[in-house]
Amino acid sequence: MIQTIRGFRDILPGETPLWQTIERAASQLFEDFGFQEIRLPLIERTELFARSIGEVTDIVEKEMYTFPDRKGENITLRPEATASVVRSYIQHKMYAVDPIQKLYTMGPMFRRERPQKGRYRQFFQINAEVFGIASPYIDAQLILLLNELFKRLGLTDLRAHLNSLGCRECRPLFHRALSEFLASKQDRLCSDCQRRMDKNPLRTLDCKVPGCREAMQDAPTTLDHLCSHCADHFETVKRTLKAQGVSFLVDKTLVRGLDYYSRTAFEIQTTALGAQSAVAGGGRYDALIQELGGPEMPAIGFAIGLDRLAEVMAQIKGCPASRGPDLFIIPLGQTAMEQAYLCSSRLNLAGVRSETDYNGKSLKSLMKRADKLNAGHALILDHRQPDKNAPVLRNMTTREQVTLALEDPTDEIIKILTNKGLPRD
RNA sequence: GUGGGUGUAGCUCAGUUGGCAGAGCGCUAGGUUGUGGUCCUGGAUGUCGAGGGUUCGAGCCCCUUCACUCACCCCA
């Protein structure tokens, strides 16, 4: 048997209604807030991700699906979407038309990690990005947007974690302070943190090893080292969120694994998924557009983990039951099958959800099937004694039945079903 | 990449010191020749994850491997 490759999976018909619910809620909300959809390639030049995400990040170092195409050029299955959105903004000089762009996109991302609950090698994200606005109100708006989306989806046990990572001015000061601190605690840190010290010192802040936590107790934080601009910015974000009734938690250990983030960083966390607690995350990346060859332009964005979100929702509400057909047609006898097919098709074309049988089964088994499909009504077309058997329409919930005229019953059925002549429940 | 757990019917899972492959659900056909859900009866369905080894004999023991799963790591 040929199976999916490791870490890849099928989203089966039983699960897709839930995914569609999420996707519709998200695009509806984003459109209301003035975002436009952008659709992007799944494959980009490797260089794009190496330069944006950062050469020394785990994503770029060991998780990307990178291979040479047939002409030897290195290409990569996108591990995230922001780099592509930025590339597109620059490539099409969107800033020349209007520097302010609010864009969203959804689709699969690829990272070759060890699969686990809520972590797949192909996973789906919904991304939203705002270019050209430096104001902290936009930071607040994106968090408000996430908060509202989750609220609309019926999720309440989610927490927004918030931090500020500083900017080009204050980050170097913080780095120096942190490095000095780490050097003084070196012998008490775990082996991972020893390695992180020079590679990616920020990450030592959210290490979960108890010994490290203790050693890092009074480590310098980004918040203590913010320059006055960053501090003002962060204060405004918090004040605005409070004014809008969005609850959040300032989490000074929140750091993000992509190098391009600056100032505001945030994550929406859940307790429902074990270790994979983040269902959405994002932040400001004011330097990235310029670093990728565009103009100096502020930017901020977030990504929602669709797989995780769907998982959390399924745990809370289960998957919505699929709606059965409005009508199941039961043909009895050879000529009935043709009439059933023609009638069913006409109903489908008229917007009535109709199904019929093509296998010539018994009345009993087809009634069972109508029941299993959760059909609203059953129509019995009995041609075995053509002169005396008129079509019968049965309401499956009330068991009420009416006998229709001998001729083609399609129009009458459309009338009855669309006028609720026979109430369904 | 590291460590633990699990692989038996479509699904959830039993399977004794190594001795004929099982249950429930689901599927399917019936239950006085025109009607579903409950109930009753019959039926079909297995590379016991894969490969090798030990043995008269392996679902069970040993080795290898793959997948799933949880955690680390990392992230959404």
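Letters A, B, ... are given to chains in the order of the sequence lines, protein chains preceding strands, and every chain is numbered from 1. Heavy atoms only: backbone and side chains are in, while hydrogens, waters and symmetry mates are out.
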Review item, nucleotides 28-30 of chain B N/O atoms under 3.5 Å of protein N/O:
| from | atom 1 | to | atom 2 | distance (Å) |
| --- | --- | --- | --- | --- |
| B:A29 | OP1 | A:K361 | NZ | 3.2 |

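- RNA chain B is contacted by both A:Q125 and A:I380; A:I380 maps to the nucleotide lying nearer its 5′ end (nearest heavy atom per residue).
- A salt bridge links A:R9 to A:D307: one of the charged nitrogens lies within less than 4.0 Å of a carboxylate oxygen.
- B:G30 and B:C62 have their C1' atoms separated by 50 Å, with the value rounded to a whole Å.
- Of the listed residues (A:Q36, A:Q141, A:E129), just one forms a side-chain hydrogen bond (donor to acceptor under 3.5 Å, both in side chains) with A:K102, and that residue is A:Q141.
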Checking salt bridge (charged side-chain N to carboxylate O under 4.0 Å, His left out) for the pair A:R119/A:E113: CA distance, chi angles, key distance, verdict? CA-CA 8 Å; A:R119 191 171 80 183; A:E113 301 176 88; 3.7 Å; yes
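- Side-chain N or O atoms of A:R353 include none that pairs as donor or acceptor with a backbone N or O of A:L327 at under 3.5 Å.
- Contacts of A:L363 with the nucleic acid, taken as non-hydrogen atoms under 4.0 Å apart, include base atoms.
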Would you write out the dot-bracket form of RNA chain B, 5' to 3', with Watson-Crick and G-U pairs under 3.5 Å, [ ] for crossing pairs, | for pairs to other strands and . for unpaired bases? (((((((..((((.....[..)))).(((((.......))))).....(((((..]....))))))))))))....
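- Residues A:E31 and A:Y104 bring a donor and an acceptor atom of their side chains to less than 3.5 Å of each other.
- Residues A:H383 and A:Q339 have side chains that bring a donor and an acceptor to within less than 3.5 angstrom of each other.
- Spacing between atom CD of A:Q401 and atom C1' of B:G34 amounts to 9 Å, rounded to whole angstrom units.
- Sequence order on RNA chain B of the closest nucleotides to A:D371 and A:L306 puts A:D371 first from the 5' end.
- Using a cutoff of 4.0 Å between basic side-chain nitrogens and carboxylate oxygens, A:E44 and A:R87 are scored as salt-bridged.
- Among residues two or more places apart in sequence or in another chain, the ring-ring contact (aromatic ring centres under 6.0 Å, His included) test is passed with A:H233 by none.
- Note: A:F30 and A:F35 have tilted aromatic rings, judged against thresholds of 30 and 60 degrees for the angle between ring planes.
- For the C1' atoms, the distance from B:U64 to B:C25 is 36 Å, rounded to whole Å.
- For the pair A:D357 and A:R369, the salt-bridge criterion is not met [side-chain N within less than 4.0 Å of a carboxylate O].
- In this model, a side-chain donor or acceptor of A:R119 finds a partner on the base of B:C73 within 3.5 Å.
- Following rounding to the nearest Å, A:L158 (CG) and B:A76 (C1') show an atom-to-atom distance of 13 Å.
- The closest side-chain donor-acceptor pair between A:S344 and A:S354 falls under 3.5 angstrom.
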Between N or O atoms, less than 3.5 Å apart, protein on one side and nucleotides 65-69 of chain B on the other: list the pairs.
| from | atom 1 | to | atom 2 | distance (Å) |
| --- | --- | --- | --- | --- |
| B:C68 | OP1 | A:G7 | N | 3.4 |
| B:C68 | OP2 | A:R6 | NH1 | 3.0 |

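- When distances are taken from the side chain of A:E63 to each of B:C74, B:G36, B:G34, the shortest belongs to B:C74.
- The minimum heavy-atom distance between A:M64 and A:P79, with the atom names listed, is SD-CG, 3.8 Å.
- Only the C1' atoms considered, B:G15 is 25 Å distant from B:G4, to the nearest whole Å.
- Proximity of residues 143-153 of chain A to RNA chain B (heavy atom under 4.0 angstrom from any strand atom) is not detected for any residue.
- To the nearest whole angstrom, the two P atoms, one in B:G57 and one in B:G52, are 15 Å apart.
- Nucleotides B:A58 and B:G53 have their P atoms positioned 12 Å apart, rounded to a whole Å.
- Rounded to a whole Å, the CD atom of A:E80 is 14 Å from the C1' atom of B:C74.
- Nucleotide B:C74 holds its P atom 11 Å from the CD atom of A:E113, rounded to whole Å.
- Note on A:K252 versus A:D224: no salt bridge recorded, every NZ/NE/NH1/NH2 to OD/OE distance being 4.0 Å or above.
- Counting any heavy atom pair closer than 4.0 Å across all strands shown, A:A303 reaches sugar-phosphate atoms only and no base atom.
- Rounded to the nearest Å, the gap between the C1' atom of B:C48 and that of B:C61 is 16 Å.
- Going from atom CG of A:L373 over to atom P of B:G37 covers 14 Å, rounded to whole Å.
- As a whole-Å value, the separation of A:L366 CG from B:G36 C1' is 11 Å.
- A salt bridge between A:E148 and A:K151 is present, with a side-chain N of the basic residue lying under 4.0 Å from a carboxylate O of the acidic one.
- Distance CG (A:L254) to C1' (B:A76): 13 Å, rounded to an integer number of Å.
- When every heavy atom of A:T105 is checked against every heavy atom of A:R39, the shortest pair comes out as OG1-CA, 4.3 Å.
- When each of B:G34, B:C72, B:G36 is scored by its nearest atom to the side-chain atoms of A:R394, the top-ranked nucleotide is B:G36.
- Spacing of P atoms, B:A29 relative to B:U16, comes out at 36 Å, to the nearest Å.
- As rounded to whole Å, 15 Å separates atom C1' of B:C74 from atom CE of A:M64.
- Among the protein residues, A:G118 comes within range of the nucleic acid bases, having at least one heavy atom under 4.0 Å from a base atom.
- Not counting sequence neighbours, the partners of A:T236 by the side-chain hydrogen bond (donor to acceptor under 3.5 Å, both in side chains) test are A:R239.
- When the C1' atom is used for both B:A9 and B:G46, the distance is 6 Å, rounded to whole Å.
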